Enquirer: 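Got a structure for you, questions after.
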Number of protein chains: 2
Amino acid sequence: MQPPFHRLVEFVPLSAEEAEMARGWLVDSRRIARGKPIRQEGEPVKGVFFLLDGWAGSSLLLRDGRRQIVKVHLPGDMLGFPSLALSHAGETLEALTDATICSFPNAAIGRMFRELPRLAMALFLSTQKERVALMQKLSWVGATSAMERLTAFLLDLHHRLQAAGLAQAGCFDFPITQQQLGELLGMSTVHINRTFKSLDETGCISRGRGRIEVLDFAGLQRLAASFPPDFAGHDAWARLDNSSRF
Amino acid sequence: MQPPFHRLVEFVPLSAEEAEMARGWLVDSRRIARGKPIRQEGEPVKGVFFLLDGWAGSSLLLRDGRRQIVKVHLPGDMLGFPSLALSHAGETLEALTDATICSFPNAAIGRMFRELPRLAMALFLSTQKERVALMQKLSWVGATSAMERLTAFLLDLHHRLQAAGLAQAGCFDFPITQQQLGELLGMSTVHINRTFKSLDETGCISRGRGRIEVLDFAGLQRLAASFPPDFAGHDAWARLDNSSRF
DNA sequence: CGGCCTTGTTAATATATGTAAATGCCGCAT
DNA sequence: ATGCGGCATTTACATATATTAACAAGGCCG
């Protein structure tokens, strides 16, 4: 099976040596059961993770016991990078479905920066893109209605699943509970339910046990009024590599 | 005057060569008047910026014309990194006060990755730390009350101003309007005003034209129930550099 | 088969926050 | 001094969303 490297090669194609090294990282994969933690907030940071299969979530604990899911990770995503700058993890990584991950120790990252600058830079750009995604999400959550948030999330999800080859004809698995969806979008489960139901009634989507089908794409996009434009930067590498003038 | 490099040397001390190069970047600084854009959303990405003096903001436009301020930048911050992965800027950079910045073209970043891996890594870690900050902010906005958001913002701001040497004895400049504060915290100006007033009445802080003084630190922290722990990782560099085992 | 647990659904009520509009304050330019 | 514009402050009112509770549907396990 082809490892899901689409997030890595998005910015720069891997050389033979780089591909070799990347494949080497995948040797010891680990299986995590749905709902189990991969790394808890506050634990020492020993490295990062690569999600080979399944869905995972990054979440933060609030003092009152609730938590906020900050990001849903799909196969091919790198997990835990933000905490690399901290002594103890600032986020909890958790398997949202049964998942398989492999680990990537601190030292390997240092080595990559020293020996494979092209790869380091691809990774760097990939994490910057994550930062953009985070900024966009912050802008929904802060300033839009429940319906917009939900539809924007579904559109984004579909987009990313498609990039990972996990959605066909607007149809994809949707294995998370409404409770988790509430923690992700910052609203109560009851209101998630109301909103989901009324979205269903618009006819734009249809839900079946653990799956979602998008029926009316344009309609969805109209509902997600604040869905951000996509300035995908597949040329980013070239811009940084060449000596373009400022 | 000493350039504000505290955000750069936080993770790794600069070698002579690196310090030399860093100083070279600062040659042509530009002055931006309060309220003026540094770079607008949608413009081509020619590089990043270094904020030498003043406050700046990163914001996203929503389709309905409102905007969400995603981050307030203080002297020493690097601006525009997230958009590096995009062809066109995904964020608007704007001077919140009169500010002075200098530019840092794409090519210089590429060169840095190839020639100064230590510096590249320090920068990388710094942007990961920003990502943590973004995640934390997302968790406030999504799941906490107006009072918590406001106090958490003030605490974080004070913390960062202190790191930049811009706050003494809990006293610091506060040059942004309540309108901007609302766009930052995702609430209406009226509610900002209400909340600010009632925070004032608790006696934890006192406001005077354009300045804020924190009177009761512990009280503030109690109000900001969700203020996250600080897992500052000044040892991050060492962890990545040495061959620590996973 | 029957119970238990998770998940989804719906209703009734409470409340935090938004919206609209008016007022006052202060600095600044004429 | 006068008026004007940006900003802070209030008031009154509207509403989206939270909270609590109860119940239904399905999966798992004895």
Side-chain angles (χ1 to χ4, degrees), chain A residues 33-36 55 62 64-69 94-98 140-151 153 173-201 205-212 223 225-226, chain B residues 33-36 62 64-69 94-98 140-153 173-201 205-212 223 225-226:
Chain A
R34 171 192 142 116
K36 294 298 181 199
W55 291 24
L62 305 173
D64 61 8
R66 284 178 311 168
R67 63 174 192 171
Q68 167 80 31
I69 298 182
E94 179 193 352
L96 295 177
T97 68
D98 287 348
W140 314 340
V141 174
T144 70
S145 73
M147 179 62 90
E148 284 183 65
R149 262 177 276 175
L150 180 58
T151 51
F153 170 67
D173 280 336
F174 193 75
I176 63 180
T177 71
Q178 291 188 354
Q179 160 108 24
Q180 290 167 331
L181 203 48
E183 290 168 342
L184 177 66
L185 300 180
M187 46 205 274
S188 71
T189 63
V190 177
H191 203 57
I192 285 280
N193 188 278
R194 271 195 284 259
T195 313
F196 225 142
K197 183 189 166 200
S198 87
L199 174 58
D200 212 340
E201 283 165 354
I205 67 164
S206 110
R207 294 176 289 165
R209 342 108 279 160
R211 285 186 73 75
I212 283 186
L223 287 172
S226 62
Chain B
R34 171 191 141 117
K36 295 296 182 200
L62 305 173
D64 60 10
R66 284 178 311 169
R67 64 175 190 168
Q68 168 79 31
I69 299 182
E94 180 193 352
L96 295 178
T97 68
D98 288 348
W140 312 341
V141 174
T144 70
S145 73
M147 181 61 92
E148 284 182 66
R149 263 178 274 176
L150 179 59
T151 50
F153 170 67
D173 279 336
F174 193 75
I176 64 180
T177 71
Q178 291 187 356
Q179 161 107 24
Q180 291 167 330
L181 203 49
E183 290 168 341
L184 177 67
L185 300 180
M187 46 205 275
S188 71
T189 63
V190 176
H191 203 58
I192 286 281
N193 190 281
R194 272 196 282 254
T195 312
F196 226 141
K197 183 189 167 201
S198 87
L199 174 58
D200 212 340
E201 284 165 353
I205 67 164
S206 109
R207 294 176 291 164
R209 345 104 283 160
R211 286 187 71 76
I212 282 186
L223 287 173
S226 63

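This structure is a prediction, so every number in the text was calculated from the model and none was measured. Residue numbers begin at 1 in each chain, while the letters A, B, ... track the order of the sequences.
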Enquirer: Which pair of heavy atoms, one from A:Gly186 and one from A:Gln68, lies closest together, and at what distance?
Expert: CA-OE1, 4.3 Å

Enquirer: Rounding to 10 degrees, work out the angle separating the end axes of the helix from C:dC1-D:dG30 to C:dT30-D:dA1 (five pairs an end).
Expert: 30°

Enquirer: Of all residues at least two apart in sequence or in a different chain, which pass the side chain to side chain contact (heavy atoms under 4.5 Å, CB included) check with B:Arg67?
Expert: B:Ser59, B:Leu61, B:Ile69, B:Glu94, B:Gln180, B:Glu183

Enquirer: Of all the heavy-atom pairs spanning B:Thr195 and B:Leu150, show the shortest one and how long it is.
Expert: CG2-CD2, 4.0 Å

Enquirer: Choose from D:dT17, C:dT17, C:dT19 the nucleotide whose nearest atom is closest to any side-chain atom of B:Arg149.
Expert: C:dT17

Enquirer: To check you understand the geometry: which heavy-atom pair defines the closest contact between B:Ala33 and B:Ala95, and what is its length?
Expert: O-CB, 3.6 Å

Enquirer: Run the side chain to side chain contact (heavy atoms under 4.5 Å, CB included) test against B:Thr189 and tell me which residues pass, sequence neighbours left out.
Expert: B:Gln179

Enquirer: For side-chain contact (heavy atoms from CB on, under 4.5 Å), just list the numbers for B:Thr151 and B:Trp140, CA-CA rounded to whole Å, side-chain angles, deciding distance to a tenth of an Å, and then say yes or no.
Expert: CA-CA 11 Å; B:Thr151 50; B:Trp140 312 341; over 6 Å; no

Enquirer: In this structure, how many angstroms lie between the P atom of D:dT17 and the CG atom of A:Leu181, rounded?
Expert: 14 Å

Enquirer: If you count heavy atoms of other groups shown closer than 6.0 angstrom to CZ of B:Arg211, is the number above 12?
Expert: yes

Enquirer: Would you mind building the protein contact string for nucleotides 6-11 of chain D? One character per nucleotide, 5' to 3', B for base within reach (heavy atoms under 4.0 Å), S for sugar-phosphate only, - for untouched.
Expert: -SSBBB

Enquirer: Rounded to whole angstroms, how far apart are CG on B:Leu185 and C1' on C:dA16?
Expert: 16 Å

Enquirer: What contact category does A:Gly186 fall into here, base, sugar-phosphate, or nothing, at under 4.0 angstrom with non-hydrogen atoms?
Expert: sugar-phosphate

Enquirer: Locate the shortest heavy-atom distance separating B:Met187 from B:Ala146; write the atom from each residue and the value.
Expert: CE-CB, 3.2 Å

Enquirer: Expressed as a whole number of angstroms, how long is the span from A:Glu148:CD to D:dA16:P?
Expert: 13 Å

Enquirer: Please report, rounded to the nearest Å, how far the C1' atom of C:dT15 is from the NE2 atom of A:His191.
Expert: 14 Å

Enquirer: So, A:Thr97 side chain and A:Arg34 main chain: donor-acceptor pair closer than 3.5 Å or not?
Expert: no

Enquirer: Give the rounded distance in Å between these two atoms: CZ of A:Arg66 and C1' of D:dT17.
Expert: 13 Å

Enquirer: Run the side chain to side chain contact (heavy atoms under 4.5 Å, CB included) test against A:Arg207 and tell me which residues pass, sequence neighbours left out.
Expert: A:Gln178, A:Phe196, A:Lys197, A:Asp200, A:Ile205, A:Ile212

Enquirer: List every contact pair, protein side and nucleotides 25-29 of chain C side both N or O, where the distance is under 3.5 Å.
Expert:
none

Enquirer: If every non-hydrogen atom of B:Ala143 is compared with every non-hydrogen atom of A:Arg66, which pair is closest and at what distance?
Expert: O-NH2, 2.5 Å

Enquirer: Given atom CZ of A:Phe174 and atom P of C:dT7, what is their separation to the nearest angstrom?
Expert: 14 Å

